[in-house]
Amino acid sequence: MRWLCILFPQLALDAVLRSREDANAPLVLLSGPPQRRVLQAVNESARAQGLRSGQSLTHARMLLERFDTVEHDPAQTEHWQQFLASWAYGFSGHVSLDFPRTLLLEVASSLRLFGPWPELEQRLRAELQALGFQHRLVLAPNPLAARVLTNVADGLAVDEQALQAELQRLPVARSGLPGELVESLQRMGLRRLQQVLELPRDGLAKRFPPQLLAHLDQLQGHHPLALSCYQPPDRFRQRIEFNFDVESSTSLLFPLRRLISDLATFLAGRDCGVQRFALILEHRRQPASELPVGLLGAERDPERLFELARGRLERIELAAPVQALTLLAEDLPRFVPAAAELFSSRPQQSQSWLQVCERLRSRLGDRVVQPLAAVDEHRPERSWLAQERGDAAARPPGPRPGWLLAEPELLNDLFPRVLAGPERIESGWWDGEDVRRDYYLIETRDGRRAWAFHAAGRPGPFWVHGWFA
C-alpha cells in the first residue's frame, strides 16, 4: 500500500484569502476572549511588517496601524477540510480526515491510473495551487508515517526500505507523540527517534505507557492504523460573506466565479454533474433573494456554469445591497460527457445544441426559450407542448415543418407545385374539435416550401399551416 499525506499548514487563513480579490493586503485571523484578542494567523504581507501569530491585538496595532481582521471560525476550517476531501475523492476511493488540517489517501491504485508518483505529485500540486491552498506532500508505506514525515519534509516519497532511515532521523518533538511523552523522553536525553528505537522494548514498556510502543509500531508499519473512510455528501453548499455591502451585480462576479470553481471541483471528485442550482443573496434587514439556475442537461464544466450563472445574475436588479452569497446545488445527476468528433477543425467554436439553448435561456429567460415535447396527438396544433421536460413521443410519418403557424392562412398562390401528399389527418371527434384534412407538401412560385391542407375529399384552395426552412 502507498499512503499520501497532504498537510495544509494554514488552512483557515487560505480559506479566507481565496475569497478576497486583494490577497496581498495585510490580513490576520483573530481568536480569544473579547478582553484579550490574539492573532491566530497572519498572511505573508502582515508577517513582513512584523505581525506574528500569538501576538495580542493591542501589540499588533502598535506595530501596524491598518490591517484587515477576520474572526477565526473552527467550524469553517472543518468545512474546508471536508471540501478538500471531496476534491481528493477524485484521486482515491479511500480518503481519511482523522487528522486535523490533513488528508490521507491510499494511492497504490491511483498510481496505476494517473501515472508514476512524479506525475501525480505535479497534478496534485497544480490543482491545489489553483484552489488557493498551501500544502505539503509526503508518500509513505503507512498512513501514520506519512503524516509524521510531513512535519519535517515536503515532496518526500519513501518505500519500506527507506522508511526506517527517515524515521531514525526524525526529532522526537516532531514524531507525533503526546507532549508529556516527548517531555519525558527529552529529560532522558533522547532527542532523535533513533535513540528511542535502539532502547530495549522491555525497558520502554516498564517506564512508559503502552501508547509509546503502539505509536512506534504503527510508525514502522508493524501494526496497522485503523482509519475512517470519507463519504462525499449528496449536495453542495458554499457561502462567501463580504466585509462590505455589494450594491451591483458586477461586483458579485468574482465571488461567483470562485463558488462555481468550487462546485466544479466538488462535482469532479464525486463524478457527477449538476442539473440545477440556486444563488442565494443575503441582504441587510431584508429577506434573502434566491436566483435559480436551471440547465437542460447535467454539466460540470466551470466556464459553462459560470457563463450561465453570470447571464442570470446580470439580468436582475438587486433589491438591496448584498452581504453574502451562497451557492446551493442539490440536483446532482450522473454526468455523461457528450460525444464529440475526434478531429475537429475548430473545436474552440463548436458547441452542442444544448449549450446554445442554455446560453439563450440565461440571456433571454426561461419562458422565452423552452424545449418542445412531443405529444401523442395527430392534430398538428396539439401535437407538441412547451415545457421544461417532456417524455418523447413517436413522431408521425411524413414531413413536418419547423415553423407551425398559430392559425392557418389562405395561400395566395393559385397554382402551387405539389411535392408530396396527400396525408389525411382525421381526429378529435371525442372532444368536439374534430378535423378532417388532407395535407400536402407544396412549393410556391417564389421557391418557398409549405405544409398546406384543404378539406378532406373536397379539393379547394390551400390553407398554409406551416413553413419549412
Side-chain angles (χ1 to χ4, degrees), residues 6-34 36-61 63-88 97 99-103 125 127-136 236-246 251-266 279-282 284 302 306 321-328:
I6 308 178
L7 176 66
F8 303 96
Q10 54 176 43
L11 179 58
L13 185 62
D14 288 340
V16 177
L17 289 174
R18 66 193 303 272
S19 62
R20 302 171 70 90
E21 294 192 51
D22 185 10
N24 295 322
L27 173 71
V28 302
L29 300 187
L30 296 179
S31 62
R36 191 180 186 280
R37 307 295 284 156
V38 177
L39 275 59
Q40 178 74 21
V42 300
N43 67 344
E44 290 294 335
S45 178
R47 188 177 297 109
Q49 301 185 57
L51 303 188
R52 297 289 184 270
S53 300
Q55 287 178 342
S56 66
L57 181 58
T58 304
H59 186 199
R61 293 291 186 193
L63 295 175
L64 184 61
E65 182 178 354
R66 299 185 61 182
F67 54 86
D68 294 334
T69 62
V70 176
E71 190 69 25
H72 172 59
D73 186 1
Q76 279 296 309
T77 305
E78 174 66 22
H79 165 79
W80 286 108
Q81 188 176 4
Q82 292 277 339
F83 168 76
L84 289 167
S86 66
W87 161 80
L97 300 173
F99 294 94
R101 299 180 294 111
T102 300
L103 297 179
R125 291 189 185 277
E127 295 194 12
L128 286 172
Q129 184 177 1
L131 289 173
F133 290 96
Q134 295 190 20
H135 54 277
R136 294 206 296 265
F236 175 88
R237 184 183 180 91
Q238 201 91 294
R239 180 176 182 269
I240 293 181
E241 184 175 353
F242 310 123
N243 54 358
F244 56 90
D245 289 344
V246 177
S251 301
L252 293 174
L253 295 183
F254 176 79
L256 175 63
R257 182 178 289 276
R258 175 59 72 182
L259 289 175
I260 293 293
S261 176
D262 291 346
L263 172 62
T265 300
F266 171 83
L279 299 176
I280 303 173
L281 287 68
E282 302 177 23
R284 185 192 301 273
F306 175 73
V322 180
Q323 293 186 310
L325 178 63
T326 301
L327 191 153
L328 175 63

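Throughout, numbering of the chain's residues begins at 1 and tracks the sequence.
Counting only distance, with no hydrogens or angles, the side chain of Thr102 and the backbone of Pro100 share a donor-acceptor pair below 3.5 Å. Between the side chain of Ser45 and the main chain of Asn24, a donor-acceptor pair closer than 3.5 Å is present. Although no hydrogens or angles enter the test, the distance criterion places a donor-acceptor pair under 3.5 Å between the side chain of Thr265 and the main chain of Ser261. Checking side-chain atoms of Asn43 against main-chain N and O of Leu13 turns up no donor-acceptor pair under 3.5 Å.
Scanning both residues, Ala41 and Ser53, for their nearest heavy atoms gives CA-OG, 3.6 Å. The minimum heavy-atom distance between Ala46 and Val28, with the atom names listed, is CB-CG1, 4.3 Å. Of all heavy-atom pairs between Val16 and Ser19, the closest is O-OG, 2.9 Å. For the residue pair Leu103 and Ala88, the shortest heavy atom distance occurs at CD1-CB, 3.9 Å.
One distance of note links CD of Gln82 with CZ of Phe266; it measures 10.5 Å at 0.5 Å rounding. The line from CZ of Phe133 to CG of Leu84 is 4.5 Å long, rounded to the nearest 0.5 Å. With rounding to the nearest 0.5 angstrom, the CD atom of Gln76 is 11.5 Å from the CG atom of Leu29. With rounding to the nearest 0.5 angstrom, the CG atom of Leu11 is 10.5 Å from the NE2 atom of His79. Between Arg136 atom CZ and Arg125 atom CZ the span is 10.5 Å, to the nearest 0.5 Å. Here the CG atom belonging to Leu325 is positioned 5.5 Å from the CG atom belonging to Leu281, to the nearest 0.5 angstrom.
Here Glu71 pairs with Arg37 under the side-chain hydrogen bond (donor to acceptor under 3.5 Å, both in side chains) rule; sequence neighbours left out. With sequence neighbours left out, Ser251 forms a side-chain hydrogen bond (donor to acceptor under 3.5 Å, both in side chains) with Ser248. For Phe242, the ring-ring contact (aromatic ring centres under 6.0 Å, His included) test picks out no residue, with sequence neighbours left out. The side-chain hydrogen bond (donor to acceptor under 3.5 Å, both in side chains) search around Ser31 returns Gln40, not counting sequence neighbours.
For the pair Pro26 and Leu51, the minimum side-chain heavy-atom distance is 4.5 Å or more. By the 4.5 Å heavy-atom criterion applied to side chains, Pro321 and Arg284 are not counted as neighbours. Put simply, the side chain of Phe99 does not reach to within 4.5 Å of the side chain of Leu7, judged on heavy atoms. The side-chain heavy atoms of Gln49 and Leu63, taken from C-beta on, include no pair separated by under 4.5 Å.
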Trace of the side chain to side chain contact (heavy atoms under 4.5 Å, CB included) decision for Gln323 with Asp245: CA-CA 5 Å; Gln323 293 186 310; Asp245 289 344; 3.4 Å; yes
Derivation and outcome, side chain to side chain contact (heavy atoms under 4.5 Å, CB included), residues Gln238 and Phe83: CA-CA 9 Å; Gln238 201 91 294; Phe83 168 76; 4.0 Å; yes
Steps toward side chain to side chain contact (heavy atoms under 4.5 Å, CB included) verdict (Trp80, Arg101): CA-CA 9 Å; Trp80 286 108; Arg101 299 180 294 111; over 6 Å; no
Stepwise side chain to side chain contact (heavy atoms under 4.5 Å, CB included) test for Leu327 and Leu279: CA-CA 5 Å; Leu327 191 153; Leu279 299 176; 4.0 Å; yes
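In summary, of the residues considered (Ile280, Leu259, Ile240), a side chain to side chain contact (heavy atoms under 4.5 Å, CB included) with Thr326 occurs for Ile280 alone.
For residues 11-20, the set of pairs meeting the salt bridge (Lys or Arg N to Asp or Glu O under 4.0 Å) definition, not counting sequence neighbours, comprises Arg18-Asp262, Arg20-Asp68. Applying the salt bridge (Lys or Arg N to Asp or Glu O under 4.0 Å) test to every pair with at least one member in residues 41-51, sequence neighbours left out, gives these pairs: Glu44-Arg47.
For the pair Arg258 and Phe306, the NZ or CZ position fails the cation-pi test of under 6.0 Å to the six-membered ring centre and within 45 degrees of the ring normal.
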